[in-house]
Structures are given as structure tokens and as C-alpha cells.
Amino acid sequence: MTLFPSLSLHRLLLIGSALFLANMAHANEQSTNAIEARIAPVGKVCIKRQSCQQDAVATPVANVAPAKEYTGRAGEKIYNTYCIACHSTGAAGAPRVGNIKEWQPHIAKGMDTLLKDAIKGVGAMPPRGICSNCTDEELKHTIQYMIDKSQ
Ligand code: HEC
């Protein structure tokens with residue numbers, strides 16, 4: 001008989017601490033919500049292990065796309081494979097890489113025109129400078145490389 005009251009006391013303590021913990025968690029959640037509400041216009045609180053991805057899409061402020069990274073081949077590599085044949089020798093009147101005088105009138109046209117010309121071909125230069133599998137972006141990087149090497 002003496003066991004019963006002590007058991008129930010034990011239970012009470014257990015229930016008590018469970019309630020206390022639940023209350024703590026609740027209070028913690030409430031204060032997080034309060035903080036979130038206060039800083040909401042500026043940013044979002046991202047709790048560890050809780051994905052903020054959805055919020056990023058929904059919140060225009062966090063929706064600034066990062067600059068796209070270049071994933072194509074290096075301009076130097078493409079130049080050495082395809083363009084070098086004409087652009088190192090000046091074959092058919094190609095402006096030679098390393099010769100700023102020959103490049104000057106071309107550079108003056110601006111990158112947009114140079115890229116357009118390189119894509120569709122210009123004068124004696126075949127379309128894409130014979131690099132048929134080069135993307136526009138890769139051609140742009142290659143032209144930039146050639147210009148940089150000519151300065
Ligand atoms: C078969 C020879 C040949 C090859 C290969 C070649 N080019 Fe050319 N390229 C030329 C010639 C010739 C010109 C000068 C065209 C003109 O101004 O009449 C030229 C001009 C250019 C210009 C200047 C265009 C302008 O609008 O002034 C760029 C840029 C260029 N080439 C990029 C490249 C790139 C990049 C490659 C390689 C992917 C390449 N070329 C491969 C012959 C070539």
C-alpha cells in the first residue's frame with residue numbers, strides 16, 4: 001500500500017516535467033515566431049535542418065538569381081584547336097592574335113558584332129571559325145581570349 005502513493009507521486013512528477021518541457025518547446029516556438037515576425041520584411045529566419053528553399057522562391061527579395069557560372073570550354077583551348085590555324089598566321093587576312101594593330105578595327109566593332117560575325121562567318125572566315133560544336137558562349141570566351149592575347 002505504501003508503494004501506490006509513491007508511484008502516483010512519481011507519475012505526477014513525470015507528467016509535470018512532460019508538461020513543463022512541452023511548455024518550454026511552445027514558448028521557444030512562440031519566441032521564434034515573434035522574432036521572425038519582427039524581421040520579416042528584411043529576411044527570413046532559417047532554422048537548422050529546416051529548408052528555406054520554398055521561402056526563397058516565394059520571397060522576391062531572396063529571389064535575386066546568382067550570376068551564371070561559365071561551364072564551357074576555356075577560350076584558350078578552343079583557340080588552340082580551331083582558330084589558331086588562321087589567326088596565328090593571318091591566313092586569308094585573318095587578324096593575327098598578338099597583333100593589336102590588326103585587331104583594333106575589329107575590336108572597335110564591339111563584342112556583340114564580333115560574336116555575331118564569328119557565329120555566321122565573315123569574309124573568308126567560315127561560320128563559327130570551323131568550331132561547329134562551339135556554343136555561342138564558348139565563341140564569346142574564345143574571342144575575348146584572342147583579344148586579351150593581342151593587347
Ligand atoms: C579558315 C580561317 C579561319 C578560322 C579557322 C578562324 N577564323 Fe576568324 N577570321 C578569319 C578571317 C579571314 C577573318 C577576317 C574576316 C574579315 O574581316 O573579312 C576573321 C575574323 C575574325 C573575327 C573578327 C570578326 C569581325 O567582325 O571583325 C573574329 C572575332 C574571329 N575571326 C574569331 C574567330 C574564332 C573565335 C575562331 C575559332 C573558333 C576563328 N575566328 C577561326 C579566318 C578564320
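Positions are given from 1, in the same order as the sequence printed here. Counting convention: from 1, in listed order, for ligands and their atoms alike.
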So for ligand 1, is [X] a polar contact partner (N or O within less than 3.5 Å, distance only)?
X: Thr113; result: no
X: Arg128; result: no
X: Thr142; result: no

Taking 4.0 angstrom as the limit and counting only heavy atoms of [X], give me the atoms of ligand 1 inside it, by number and element.
X: Gly123; value: 18 (O)
X: Leu114; value: 23 (C), 24 (C), 25 (C), 26 (O), 27 (O)
X: Asp117; value: 25 (C), 26 (O)
X: Ile143; value: 29 (C), 35 (C)

Check Cys131 against Cys134 for me: are their SG atoms closer than 2.5 Å?
yes

Heavy-atom contact under 4.0 Å between [X] and ligand 1?
X: Ala85; value: no
X: Cys134; value: no
X: Met146; value: yes

Any protein N, O or S atom under 2.8 Å from atom 8 (Fe) of ligand 1? Found His87 NE2, Met125 SD

Test ring-ring contact (aromatic ring centres under 6.0 Å, His included) applied to Tyr79 - qualifying residues, sequence neighbours left out
Tyr145

